[in-house]
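Below you'll find the structure, written out as structure tokens, and then a few comments.
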Amino acid sequence: MRNTKKICKQLLCGALAGTFVLAGVLGVNLPAEVEIKADAATVHAATTEELTAKRGQFTKQFAMSDGSFTAATYSMPVH
């Protein structure tokens, strides 16, 4: 009975150690590979106009030439 527990413990420790070694060798970095950065696909667009209807006390919003929008935020009130 005592030898069986010892053998099971050794097998379990060996399996865990093997798993850790395999993970280290293969470099399990899935989140880093799957991550898509928003600025990676950005096209250099020019600001066409400020959207005054969407102004806030601390923000300004702009329409861009590619159809997207940009917001500028400030730590102090600008309007």
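Values in this document were obtained by computation on a predicted structure and should not be read as measured data.
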Considering all heavy atoms of both residues, which atom of Thr59 and which atom of Lys54 are nearest to each other, and what is their separation? OG1-O, 4.5 Å

Scanning both residues in full, the closest heavy-atom pair of Ala72 with Phe62 reads CB-CE1, 4.2 Å

Approximate separation, where rounding is to 0.5 Å, of Phe69 CZ and Thr47 OG1: 12.5 Å

Taking only residues two or more places apart in sequence or in another chain, which ones pass side-chain contact (heavy atoms from CB on, under 4.5 Å) with Ala71? Gln61

Look at the side chain of Thr48 and the backbone N and O of Ala63, then say whether any donor-acceptor pair between them is shorter than 3.5 Å. yes

